[in-house]
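Written out below as structure tokens is the structure these notes cover.
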Protein chains: 2
Amino acid sequence: MERTYRALVVEDQTLMRLALMDQISTAFENAAVLGAQTLEIALYELANENFDLVIIDPGLPGFDPTSQDDRLSVVSRIIEASPTALHAVITGSDSTAEADQFRGLGAVAYLGKTGLEPGMLCDVLDDISTSGFSIRLSRVTMTVPDYCHSALTPREQEIINLMARREPGMSRIQIYEQVAGKLGIDRDSAEKYFKKARAKIMKSDHKLPVGI
Amino acid sequence: MERTYRALVVEDQTLMRLALMDQISTAFENAAVLGAQTLEIALYELANENFDLVIIDPGLPGFDPTSQDDRLSVVSRIIEASPTALHAVITGSDSTAEADQFRGLGAVAYLGKTGLEPGMLCDVLDDISTSGFSIRLSRVTMTVPDYCHSALTPREQEIINLMARREPGMSRIQIYEQVAGKLGIDRDSAEKYFKKARAKIMKSDHKLPVGI
DNA sequence: CCAAATAGGGACAGCCCTATCCCTTTTTTT
DNA sequence: AAAAAAAGGGATAGGGCTGTCCCTATTTGG
């Protein structure tokens, strides 16, 4: 068993905080992740434990979201309270200027919430260990809507969404091959999951999502 | 099989959009949920399908987040494109004044992202059918940090977090009883899951979260 | 027309999560 | 000291998800 990887997510929006915590806990074999909604709770935890990674949204309750001083103060207080950790700033309203400011405080990543997708954590950590800093400004990448249906298993969801985003002009078999490669399963299995998912949707809904 | 409940989530932050979609798809027996990152994608979907529920974050890419006209315009265009749907506005920076403005446009809910927790959707829909409007302004409720560990199953996670938030002064047995009631399982099972979870954490981490 | 691709299934084993019931030992409380 | 509470575990049945292999029609493309 590897050493426990310790992380703290400081973010006031509960759904986002839980999503980030889930990202971290699934990215590591053995991770313990704490979530703090306020600076007070964060500082309390930082005083009692050493963390490997701290993710910070500077727009916390009790601070003026339009005041750059407030944002900088939140991050700098957290960094001072955990000098050995890696610090990633995540924000809804990002700018290169602000990225530089936080980098000056010692942060190793600056991430815009828009376009920050599941699985991005590994890429960010790669950036950090390679170049010492990771910056991901908000950008719009979506061309096809996300789809999600109660009747589908996670695997089926995944394959439906991969299929919907396929590049046009490929045969189904080629796509199955490609999707199977991404997921580490057989082409047959990918084909099977896709057909099963489509059948479920047709049965309950009689209307398929775009791209299927 | 009940009729398929159709919902659309218009939100540019991917993790938040997926979290909201997941909330909806698990709240209904049979739901098909689409996610749109931009107004263009949203309007395209609204033109091709009728939705029961549309959730809108007015701070979309391509609009000025500080311009109240832009925010109102996003919501009003979506409402006009789906006159039969219920419309809920969700925002990171909420105010009662803005809530009134969106209500004037026809929205039936105004939700602040801070403090918007998993499972809140049912309460919001209850508010709407009871009083015609649901407003949930941002507020800080957290007293104990969230906790999440790779080694725990979802059930174990849930029970660990419920236990950490217990009211002081109750015996363990009473708390097991209460938690079991919330989850609809036996007291013995709740006790078992809790002990299993704690043992896993101790084995991998040798450090228990606050409140356990 | 023939071959490939596609649609739409069935069967099966393995695994993990769930939920319940059971047991022993130690600690705390009365 | 006796009773209650708590820690720590074993065994088991059921169910769903996963992944693989296999099957038959039907459609499409060369």
Can you tell me the distance, in whole Å, between the CD atom of A:Q157 and the C1' atom of D:dC17? 13 Å
Over how many whole Å does the gap from A:I173 atom CD1 to C:dT6 atom C1' extend? 8 Å
Please check if atom CZ in A:F63 has more than 12 non-hydrogen atoms from other residues, nucleotides or ligands closer than 6.0 Å. yes
Looking only at heavy atoms, which two atoms of B:F133 and B:A107 are closest? And how far apart? CE1-O, 3.3 Å
CZ/A:R155 to OH/A:Y193 distance, rounded to the nearest 0.5 angstrom? 6.5 Å
Heavy-atom donor-acceptor pair, A:Y110 side chain to A:T91 backbone, under 3.5 Å: no
Should A:T4 and A:F28 be marked as a side chain to side chain contact (heavy atoms under 4.5 Å, CB included) after you check the CA-CA gap, both sets of side-chain angles, and the distance that decides it? CA-CA 9 Å; A:T4 297; A:F28 292 90; over 6 Å; no
With a 4.0 Å cut-off on N to O distance, would you call A:E80 and A:R77 a salt bridge? no
So does A:R172 get a side-chain nitrogen or oxygen closer than 4.0 Å to the phosphate oxygens (OP1/OP2) of C:dA4? no
With a 4.0 Å cut-off on heavy atoms, is B:Y176 in touch with a base, just the backbone sugar-phosphate, or nothing at all? sugar-phosphate
Over how many whole Å does the gap from A:K203 atom NZ to C:dA7 atom C1' extend? 17 Å
To the nearest angstrom, the CD1-P distance between B:I201 and D:dG8 comes to 12 Å
Between CZ of B:F194 and P of D:dG8 the distance, given in whole Å, is 10 Å
Enter the inter-axis angle for the ends of the helix from C:dC1-D:dG30 to C:dT30-D:dA1 (five pairs per end, rounded to 10°). 30°
When the distance from CD of A:E158 to C1' of D:dC17 is rounded to whole Å, what number comes out? 13 Å
Rounded to the Å, how far apart are B:E191 CD and D:dA4 P? 16 Å
Pick from A:D127, A:T114, A:D94: which one makes a side chain to side chain donor-acceptor pair (under 3.5 Å) with A:R136? A:D127
Whole angstrom is fine here: how far is it from NZ in B:K196 over to P in D:dG9? 8 Å
Every protein N/O within reach of nucleotides 15-20 of chain C N/O, cut-off under 3.5 Å:
| from | atom 1 | to | atom 2 | distance (Å) |
| --- | --- | --- | --- | --- |
| C:dT18 | OP1 | B:R155 | N | 3.4 |
| C:dT18 | OP2 | B:T153 | OG1 | 2.8 |
| C:dA19 | OP1 | B:R155 | NH2 | 3.1 |
| C:dA19 | OP2 | B:R155 | NE | 2.7 |
| C:dA19 | OP2 | B:R155 | NH2 | 3.1 |
| C:dA19 | N7 | B:Y193 | OH | 3.3 |
| C:dT20 | OP1 | B:D186 | OD1 | 3.3 |
| C:dT20 | OP2 | B:D186 | N | 2.8 |
| C:dT20 | OP2 | B:S189 | OG | 2.9 |

Nearest 0.5 Å, please: how far is CD1 in A:I56 from OG in A:S82? 7.0 Å
Any side-chain heavy-atom pair of A:R172 and A:R166 under 4.5 Å: yes
Closest to the 5' end of DNA chain D, once B:S171 and B:A199 are matched to their nearest nucleotides, is B:S171
